Amino acid sequence: MTGTTHASTPGAFATAMRRAISLSTLGPSWGINPRVGCVLLDVNGAVLAEGWHRGAGTAHAEVDALSQLPPSAARGATAVVTLEPCNHTGRTGPCSEALLRAGIGRLVYGVRDPGPASSGGAERLANAGVDVIGGVSADEVSESIHAWLTAERLRRPFVTIKWASSLDGRIAAADGSSRWITGDPARHDVHERRAAVDAIVAGTGTVLADDPSLTARRPDGSLAEHQPVPVIIGERPVPDDAAVRRGPVPALVYPDRDLPTVLTDLFERGIRSVFVEGGPTLASAFLAAGLWDEILTYTAPVLIGGPRLAVTDIGVGTLTDAPRLTVHDVRRLGDDVLFITRPKGR
Ligand code: AOF
Ligand code: ZN
């Protein structure tokens with residue numbers, strides 16, 4: 001059969017797609033490129049080769065898989081790829097051409113490439129007589145590159161807002177003391193997530209009050225392999241000896257509080273995911289502007305009371321204006337609970 005068909009239910013290729021998703025996670029979650037995995041199957045459905053993308057500038061998943069085989073060994077094979085093969089020359093050449101040159105007979109992909117320049121690989125292969133099946137395990141693939149897809153669609157980084165609070169929503173006591181509200185497992189979880197994003201954003205108020213380093217650290221205190229870019233937003237100057245200036249990655253400082261402008265600039269710098277870590281004024285500004293995609297709330301079983309709330313005014317005057325969120329996941333981390341919520345309907 002020739003042409004583009006769409007599999008609405010997981011079919012014969014779902015197993016290979018699951019493997020391709022799992023291969024994709026071997027690549028980095030940060031950076032300008034998505035995680036992509038590829039499995040090449042022979043005519044009997046046996047695995048010929050596997051590949052995955054290791055980050056911007058390196059071979060794409062399809063090319064990585066093809067490179068495992070001698071020339072002509074992929075003739076007539078089925079390429080199962082999480083993302084539609086690219087059709088453009090970016091830092092590397094178009095995968096659509098590499099697959100055609102290798103003589104594959106069928107393409108099975110999960111989700112379309114949303115990029116205006118990079119998309120169109122499926123159509124190109126279909127036009128060349130390759131049997132193309134799209135939409136296989138599309139929900140699972142979309143979830144595996146949720147942040148990247150969202151960033152590409154919105155043309156701004158995926159924004160995660162995080163706070164750690166008491167059961168009654170306080171992030172500090174009345175005197176400002178705020179260290180160790182949550183326990184070790186929650187803190188380790190935060191550091192793992194910091195190491196998985198492109199940037200950590202904080203307001204100047206938090207930088208001046210807490211002097212955070214905004215680095216990703218392992219439980220033993222050493223720096224994680226990948227470090228996010230520290231981003232500071234606010235009008236007050238950041239002292240030269242601030243911890244955030246002494247980290248492994250130079251900080252980006254935005255004296256302008258216009259969040260859409262900041263996010264657009266970060267996107268143009270190749271930043272696709274940011275973690276907004278404080279304080280309440282900045283988190284509230286992102287929330288009020290609707291500029292967020294996920295909220296992580298680490299809740300500790302402690303009562304603090306008083307005025308130091310995780311979120312202040314977010315422009316909700318009456319309950320019908322309050323944004324209702326979707327609970328994406330709930331995890332227990334020691335004595336604490338992590339809620340992962342997303343906007344409804346996205
Ligand atoms: C694929 N397979 O493994 C990946 C794709 O600058 P480049 O050449 O690395 O191209 C980056 C774009 O290619 C990226 O924005 C996305 O649209 C696509 N990523 N495509 O066929 C892959 N990582
Ligand atoms: Zn490609």
Side-chain angles (χ1 to χ4, degrees), residues 4 13 16-41 49-69 74 77-102 104 106-128 130 132-138 140-158 196-198 226 264 266-273:
T4 302
F13 300 115
M17 188 60 82
R18 222 169 296 128
R19 175 69 187 154
I21 295 171
S22 147
L23 290 166
S24 75
T25 64
L26 298 171
S29 64
W30 64 88
I32 198 164
N33 276 3
R35 289 164 144 184
V36 180
C38 174
V39 177
L40 297 174
L41 304 173
E50 300 180 330
W52 68 93
H53 181 56
R54 291 163 178 78
T58 68
H60 284 189
E62 300 88 322
V63 172
D64 183 46
L66 288 170
S67 73
Q68 319 291 314
L69 295 174
T78 293
V80 179
V81 200
T82 53
L83 185 70
E84 174 190 16
C86 67
N87 197 32
H88 76 311
T89 300
R91 280 157 286 260
T92 67
C95 290
S96 54
E97 260 174 33
L99 293 168
L100 280 178
R101 234 181 296 121
I104 66 141
R106 190 189 281 130
L107 166 70
V108 176
Y109 72 90
V111 302
R112 275 198 182 283
D113 188 321
S118 47
S119 65
E123 206 181 339
R124 175 139 175 219
L125 288 161
N127 289 341
V130 172
V132 176
I133 305 172
V136 172
S137 309
E140 290 91 327
V141 173
S142 294
E143 181 52 37
S144 74
I145 50 170
H146 176 65
W148 183 83
L149 283 174
T150 305
E152 287 295 310
R153 285 194 195 113
L154 300 177
R155 312 303 293 166
R156 62 153 175 81
F158 184 87
V197 297
D198 291 320
H226 174 255
T264 300
L266 291 174
F267 188 84
E268 281 165 5
R269 289 172 185 270
I271 288 173
R272 294 290 176 271
S273 53

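Everything numeric in this text was worked out from a predicted model, so none of it was measured. Start at 1 and go down the list; that is how both ligands and their atoms are numbered.
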Just by distance, do the side chain of [X] and the backbone of [Y] share a donor-acceptor pair under 3.5 Å?
| X | Y | result |
| --- | --- | --- |
| Arg156 | Ala151 | no |
| Thr150 | Phe158 | no |
| Glu50 | Ala20 | no |
| His53 | Ala59 | yes |

Side chain, backbone, both or neither: which part of [X] has a heavy atom under 4.0 Å from ligand 1?
| X | value |
| --- | --- |
| Cys95 | side chain |
| Arg35 | neither |
| Ser118 | side chain |

What is the closest protein heavy atom to [atom], and at what distance does it sit?
| atom | answer |
| --- | --- |
| atom 15 (O) of ligand 1 | Trp148 CZ2, 3.7 Å |
| atom 6 (O) of ligand 1 | Arg91 N, 2.7 Å |
| atom 17 (O) of ligand 1 | Asp113 OD2, 2.6 Å |
| atom 3 (O) of ligand 1 | Ala61 N, 2.8 Å |

Hey, which atoms in ligand 1 end up nearer than 4.0 Å to a heavy atom of [X]?
| X | value |
| --- | --- |
| Cys86 | 1 (C), 20 (N), 21 (O) |
| His88 | 10 (O), 12 (C), 13 (O) |
| Pro85 | 21 (O) |
| Gly90 | 6 (O), 8 (O) |

Measuring from [atom], which candidate in [options] has the nearest non-hydrogen atom?
| atom | options | answer |
| --- | --- | --- |
| atom 4 (C) of ligand 1 | Val81, Val36, Asn33 | Val36 |
| atom 10 (O) of ligand 1 | Glu62, Glu84, His60 | His60 |
| atom 23 (N) of ligand 1 | Arg54, His53, Glu152 | His53 |

| field | For the student: nearest non-hydrogen atoms of Ala56 and Arg91, plus distance | value | CB-NE, 3.8 Å

| task | Evaluate side-chain contact (heavy atoms from CB on, under 4.5 Å) for Thr82 paired with Met17, printing each intermediate quantity in order. | result | CA-CA 7 Å; Thr82 53; Met17 188 60 82; 4.2 Å; yes

[X] side chain near [Y] side chain, heavy-atom distance below 4.5 Å:
| X | Y | result |
| --- | --- | --- |
| Asp198 | Ile32 | no |
| Val111 | Leu83 | yes |
| His60 | Cys86 | yes |
| Val63 | Cys95 | yes |

[X] near ligand 1 by a heavy-atom separation under 4.0 Å:
| X | value |
| --- | --- |
| Gly115 | no |
| Ala56 | no |
| Tyr109 | no |

| CZ on Arg35 to CH2 on Trp148, rounded to 0.5 Å | 13.5 Å

| request: Take Tyr109 and Val132, measure what side-chain contact (heavy atoms from CB on, under 4.5 Å) needs, and give me the verdict at the end. | output: CA-CA 8 Å; Tyr109 72 90; Val132 176; 3.9 Å; yes

| message | Here's a test for you: under side-chain contact (heavy atoms from CB on, under 4.5 Å), which of Glu152, Arg153, His146 qualifies with Leu149? | response | Arg153

| request: Could you name all protein N, O or S atoms found under 2.8 Å from the Zn ion (ligand 2)? | output: His60 ND1, Cys86 SG, Cys95 SG

| Passes side-chain contact (heavy atoms from CB on, under 4.5 Å), Arg112 versus Ser119? Steps please. | CA-CA 7 Å; Arg112 275 198 182 283; Ser119 65; over 6 Å; no

